[in-house]
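Atom set for the values below is all heavy atoms of this structure, side chains included, hydrogens, waters and symmetry mates excluded.
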Amino acid sequence: MIYTIITIAVLIILTYYIITGQEVFGAEAKGKRLERMQQSKHYKDKQFQNLSYTPSITEGYSMPKVVYDFFFAKKNPLLKPLQNIPSIHTDLKSLSKDEDVFIWLGHSSYYIQTDGVSFLIDPVLSLYGSPFKFFNKAFAGADIFKPDDIPDLDYLVITHDHYDHLDYPTVKAIRNRVGKVILPLGVGAHFEKWGYSENQLIEEEWGGEAILENNIKITFTPARHFSGRKVKRNVTLWTSYVLETPTKKIFLGGDSGYDTHFKMIGDKYGPFDYAIIENGQYNPAWKYIHALPEDVIQASIDVNAKNIIPVHSSKFALALHAWNEPLENIVRLGKDKDLNILTPMIGETVDLNKKDNQFKIWWES
């Protein structure tokens, strides 16, 4: 009996290492990169830490209950859309460098071009947001952009290494069209494994800065979240960004629960012309790592943003709410606070120099 148990245990361990040894899982930091991580004031007990204590599950909830609800409880009938998501396939390659635009590509993926410089943020252009093709499939209509649609890029920007933000097939496919990669400390190990060179990577921790082309500055700022592509969590950093150009300021929020860092960022770097903030895939059970809609509103006020573009919805079902609930809630709550919430369709162009961008309530149909 004991030999049978040992054999089963060995087989399970071998299977784990065979599976996680695939390229999609990336690589762990070592050498000089690991030394940099260990010297960070945000790194303790062999993992990165949030500024505030951040439990995975909210008080009053339990992990078994959360797991049960996710896999076995009766699902919301609108968890996934009943018909194709409305979208517009804008030709990114035909955009003039003189245009200052934001184009949402679904979920947390978006393209920004401003002051003659192009940025692609958290591109997930596979048909799934996971390491496996059979899990977490994209909604029909939300999957219209493919890696081949991406033009030559000045900067690829990554906020953290979760699969719905860092998609191996996408970053592998566009490698030869990427100038530099901006990414938080530790995540560069994945990119070097996937064929990117060390001198392509701008890899920093919170507070780090980089001067980019055309006198644009990017600053790594805190977020309240977690990371990891395998079982072990928080072995790479997660981040938000402040993008300052000669003509505008843009806050790139990344995944984050609500905390005091939003006010700190607003006081130090604001006001912002645009704040792109994650709004979706939330649950009261994990509000510390994914902000609830009312928290997104407060975060928008804290960072002092003139225009708010909500993302992190309308492509994958990673929570239990209706697919269109995040947009309904953020628009309703935004009106109550007199905030300017911009809700373009996937692929619809937002003119970053226009003061009165208007968009349809496209999710109601």
Side-chain angles (χ1 to χ4, degrees), residues 9-51 54-56 63 108 121-124 126 128-133 135-136 155-175 178 180-208 210 220-241 254-256 289 318:
V10 169
L11 288 174
I12 290 172
I13 293 169
L14 284 174
T15 300
Y16 171 79
Y17 280 103
I18 290 170
I19 292 173
T20 59
Q22 297 176 69
E23 279 212 342
V24 65
F25 289 93
E28 293 187 13
K30 57 185 178 181
K32 292 181 179 179
R33 177 174 285 110
L34 181 58
E35 290 177 11
R36 283 188 65 198
M37 292 164 54
Q38 293 168 338
Q39 292 167 5
S40 169
K41 65 180 181 180
H42 306 296
Y43 191 84
K44 183 181 178 182
D45 299 329
K46 297 184 179 180
Q47 61 179 314
F48 285 102
Q49 310 285 335
N50 284 297
L51 296 180
T54 303
S56 300
M63 184 61 77
S108 291
I121 294 84
D122 286 359
V124 179
S126 300
Y128 49 93
S130 78
F132 308 111
K133 295 181 180 181
F135 184 70
N136 194 22
Y155 299 98
L156 171 62
V157 182
I158 303 297
T159 64
H160 64 294
D161 70 359
H162 283 157
Y163 294 98
D164 61 320
H165 291 258
L166 175 53
D167 182 46
Y168 163 73
T170 299
V171 299
K172 187 82 170 178
I174 66 174
R175 185 183 62 186
V178 174
K180 298 280 187 178
V181 186
I182 300 169
L183 69 181
L185 189 54
V187 179
H190 302 318
F191 276 79
E192 288 188 23
K193 182 179 178 68
W194 298 336
Y196 285 73
S197 64
E198 183 181 356
N199 61 14
Q200 277 184 283
L201 308 181
I202 301 173
E203 187 174 358
E204 295 289 345
E205 62 177 315
W206 300 334
F220 293 67
T221 47
R224 191 183 194 187
H225 199 53
F226 69 109
S227 68
R229 294 176 77 83
K230 299 181 184 179
V231 173
K232 192 174 180 181
R233 292 163 60 128
N234 301 342
V235 292
T236 61
L237 188 60
W238 48 97
T239 195
S240 60
Y241 295 99
D255 270 3
S256 182
I289 52 177
L318 300 174

Next item on the list: Could I get the full list of ring pair (Phe, Tyr, Trp, His ring centres under 6.0 Å) partners for Y196, not counting sequence neighbours?
Entry: F191

Checklist line | Counterpart residues, ring pair (Phe, Tyr, Trp, His ring centres under 6.0 Å), relative to F226 (two or more places apart) | finding: H162

Margin query: Using a 3.5 Å distance criterion without hydrogens, assess whether the side chain of Y168 forms a donor-acceptor pair with backbone atoms of V171.
Written below: no

Next item on the list: Output yes when a side-chain donor or acceptor of Q200 lies under 3.5 Å from a complementary backbone atom of V178, and no otherwise.
Entry: yes

Notebook entry, point to check: Among W238, W206, F48, which residue meets the ring-ring contact (aromatic ring centres under 6.0 Å, His included) test with H42?
Noted result: W206

Partner set under side chain to side chain contact (heavy atoms under 4.5 Å, CB included) for [X], not counting sequence neighbours:
X    : answer
T54  : N50, R224, Y288, I289
D122 : I158, T159, H165
D161 : L166, V187, H190, S227, R229, T236

Could I get the full list of side chain to side chain donor-acceptor pair (under 3.5 Å) partners for [X], not counting sequence neighbours?
X    : answer
T170 : D167
D45  : none
R175 : none

So, using salt bridge (charged side-chain N to carboxylate O under 4.0 Å, His left out) as the criterion, who are the partners of [X] when residues are at least two apart?
X    : value
R36  : E204
E23  : K172
E198 : none

Checklist line | NZ (K193) with more than 12 external heavy atoms under 6.0 Å | finding: yes

Next item on the list: For the residue pair R233 and S56, establish whether any side-chain heavy-atom pair is separated by less than 4.5 Å.
Entry: yes

Next item on the list: Begin with the C-alpha distance, continue with both residues' side-chain angles, and end with the deciding distance and a verdict on side chain to side chain contact (heavy atoms under 4.5 Å, CB included) for Y163 and N136.
Entry: CA-CA 10 Å; Y163 294 98; N136 194 22; over 6 Å; no

Check: Of T239, L237, V157, L201, which meets side-chain contact (heavy atoms from CB on, under 4.5 Å) against L183?
Finding: L201

Next item on the list: Not counting sequence neighbours, list each pair that qualifies as a side-chain hydrogen bond (donor to acceptor under 3.5 Å, both in side chains) and has a residue in residues 180-189.
Entry: none

